[in-house]
Colleague: 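For reference, the structure I am asking about is given below.
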There are 2 protein chains.
Amino acid sequence: MTIRLLLVDDHAVVRQGLKMFLKAESDFEVIGEASNGVQAIELARQLKPDVVLMDLLMPAMGGVEATGIIRREIPETEVIALTSVLEDSSVIGAIKAGAIGYLLKDTDGPELLRAIRAAAEGQVQLSPKAAARLMREVRAPESPEKLTERETEVLRLIAQGLANKEIANSLSIGEKTVKTHVSNIFSKLGVVSRTQAALYAASIGLVNLTHD
Amino acid sequence: MTIRLLLVDDHAVVRQGLKMFLKAESDFEVIGEASNGVQAIELARQLKPDVVLMDLLMPAMGGVEATGIIRREIPETEVIALTSVLEDSSVIGAIKAGAIGYLLKDTDGPELLRAIRAAAEGQVQLSPKAAARLMREVRAPESPEKLTERETEVLRLIAQGLANKEIANSLSIGEKTVKTHVSNIFSKLGVVSRTQAALYAASIGLVNLTHD
DNA sequence: ATCTGCCTCAGCCTTTAGATGGAGATATAG
DNA sequence: CTATATCTCCATCTAAAGGCTGAGGCAGAT
């Protein structure tokens, strides 16, 4: 029985490489590729893959968000987060969003194969480092209160350097409303300025920093 | 005649993938892998590869520095910078260090092959985007006017989320002075708020975003 | 000796940011 | 039906941010 895979990464080289690497395994079949979260969701709907290898840091829509939507809509599809960053909220976010695995990109080949096979059977597979993070989190739920959808949207705009007035125009709401959201975001994130909030957003990959 | 390659990237998955991808090409042979700049230099000395695929963002020693050393010591080895970030100083830095090519990781497979073959023959190959950067740089050294040492210091603190008063204390200077620096930084960078400046600083790696 | 760039600081001004408290509307869960 | 959460908006106020102009000290270059 072959394991049908969907690859999601914004770097073509990484996708290409993974595809070639996985092709050597007879029980794997790459049935689709996506370069961002939106594409990933579309393809997941159409193809209903067994396992999704999901990069977390992507433009358009982050991997965490995409993971959540895929898991809600297609629960029989398992998602493995595959990322280069090891960051508390990413780990927790990905797990909470329903990822069954969290692997770092410096994982070696054999371990990657093990993880995919485990995921296809619904078994959990984490990088040792990621597992350590998770442990730390459970012991000390310093969970930054979860932002609402709207707040996340506002934070994203803050992290693009927009002023409150610009955010208001962008979302077609009042500046006062934006201020309310901003204040709520600050207290939830435990920061005291929009700059800190923007840096936090950048650190968890909510925005794309590369200015092309 | 086969092209002998050295792969340098801190992510094992990326190396693994590249290796598998390149294996399909009969005129390529991957003769070594390194996960950081120091290893890369050692291996380049021993193996004298035709082409080095060099990631720029690595621990221990960055790719730019490693490129410079390799090119000085082993001029017959060509280096292609392969990176996920497109940043002015990286492009310029890599080129100045002697890289014959600068490719983004979202380059597709065929273009990557073309670039490696071109490099092996000593021909220049740049990503269109990278080329555009280079052109912009040469014709209009509007390179975001270079910041002074002090300004860079202030920018770094801005990018750590500090307020002007905190920066003043941190540097043992007056808040007014800080404001002067901040204003100068803004006009040099072409931004209008400290948040935008902080994001710019983060995007060029002036600060470490991962709060581990 | 003069010029130039950098760092330092000042005053004055307008705009923005952020805190706080209150409030109406809708939707959803229990 | 009634909490609860979310989104929306308003007013008020203080603090911070940022623009603008001017200016003194200091080092290195010409």
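A note on names: the letters A, B, ... follow the listed sequences, proteins ahead of strands, and every chain is numbered from 1.
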Colleague: Round to a whole Å and report the spacing from CD of A:Glu151 to P of D:dT6.
Modeller: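 My rounded result for the distance is 7 Å.
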Colleague: Starting at atom CD of B:Glu175, determine the distance to atom P of C:dC9, rounded to an integer number of angstrom.
Modeller: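 From B:Glu175 CD to C:dC9 P: 11 Å.
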Colleague: Counting C-beta onward and ignoring hydrogens, is there a side-chain heavy-atom pair between A:Leu155 and A:Leu189 closer than 4.5 Å?
Modeller: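 When only atoms from C-beta onward are counted, A:Leu189 and A:Leu155 do touch, with a gap below 4.5 Å.
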Colleague: Where the side chain of B:Lys176 is defined as all heavy atoms beyond and including C-beta, which of C:dT8, C:dG11, D:dT8 is the nearest nucleotide?
Modeller: C:dG11
Colleague: Between atom CD1 in A:Ile185 and atom P in C:dA17, what is the gap in whole Å?
Modeller: 13 Å
Colleague: What I want to find out is whether A:Arg117 reaches A:Glu25 closely enough, with some N-O distance under 4.0 Å, to be called a salt bridge.
Modeller: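 A salt bridge is present here (some side-chain N lies under 4.0 Å from a carboxylate O).
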Colleague: Does a side-chain N or O from A:Asn164 land closer than 4.0 Å to OP1 or OP2 of C:dA17, or not?
Modeller: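 Affirmative; the distance criterion is met.
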Colleague: Output all residues satisfying side-chain contact (heavy atoms from CB on, under 4.5 Å) with A:Thr77, sequence neighbours left out; order by chain, then residue number.
Modeller: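 Here the qualifying residues are A:Pro49, A:Val52, A:Ile70, A:Ile74.
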Colleague: Find the distance A:Ile173:CD1 to C:dA25:C1' and express it as a whole number of Å.
Modeller: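 To the nearest whole Å, that distance equals 15 Å.
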Colleague: Are the charged groups of B:Glu153 and B:Arg150 less than 4.0 angstrom apart, N to O?
Modeller: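 Salt bridge flag = yes for B:Arg150 with B:Glu153.
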Colleague: How long is the line joining CD1 of B:Ile167 and P of D:dG18, in whole Å?
Modeller: 10 Å
Colleague: Is there a side-chain contact between A:Val154 and A:Leu171, using heavy atoms and a 4.5 Å cut-off?
Modeller: yes
Colleague: With a cut-off of less than 4.0 Å, is there a side-chain N or O of B:Thr177 near OP1 or OP2 of C:dC7?
Modeller: no
Colleague: On DNA chain D, does the nearest nucleotide to A:Lys179 precede the nearest nucleotide to A:Asn184 from the 5' side, or the other way round? Give the residue.
Modeller: A:Asn184
Colleague: Do B:Arg15 and B:Glu33 meet the salt-bridge criterion of a basic N to acidic O distance under 4.0 Å?
Modeller: yes
Colleague: Are OP1 or OP2 of D:dA16 and a side-chain N or O of A:Arg194 less than 4.0 angstrom apart?
Modeller: no
Colleague: Calculate the interatomic distance between A:Leu155 atom CG and D:dT6 atom P; express it in whole Å.
Modeller: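 That distance rounds to 16 Å.
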Colleague: From the list C:dG18, C:dC7, C:dT16, which nucleotide is the closest neighbour of the side chain of B:Glu149?
Modeller: C:dC7
Colleague: Angle between the two end axes of the helix from C:dC7-D:dG24 to C:dG30-D:dC1, five base pairs per end, rounded to 10 degrees?
Modeller: 50°
Colleague: Could you check how far CD1 of A:Ile158 sits from C1' of C:dT16, rounded to whole Å?
Modeller: 13 Å
Colleague: What is the separation between atom CZ on B:Phe186 and atom P on D:dA17, rounded to the nearest whole Å?
Modeller: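 Computing the B:Phe186:CZ to D:dA17:P distance gives 9 Å.
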Colleague: Would you say C:dT16 has OP1 or OP2 under 4.0 Å from some side-chain N or O of A:Lys165?
Modeller: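 Looking at the OP1 and OP2 atoms of C:dT16, one of them is under 4.0 Å from a side-chain N or O of A:Lys165.
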Colleague: Would you mind telling me which residue lines up with the more 5' stretch of DNA chain C, A:Ala163 or A:Thr180, judged by nearest nucleotide?
Modeller: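 Its nearest nucleotide being more 5', the pick is A:Ala163.
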Colleague: Less than 4.5 Å apart, any side-chain heavy atom of B:Gln39 and any of B:Ser35?
Modeller: yes
Colleague: Would you say A:Ser183 reaches C:dA19's phosphate, i.e. side-chain N/O to OP1/OP2 under 4.0 Å?
Modeller: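 Checking A:Ser183 against C:dA19: at least one side-chain N or O falls below 4.0 Å of OP1 or OP2.
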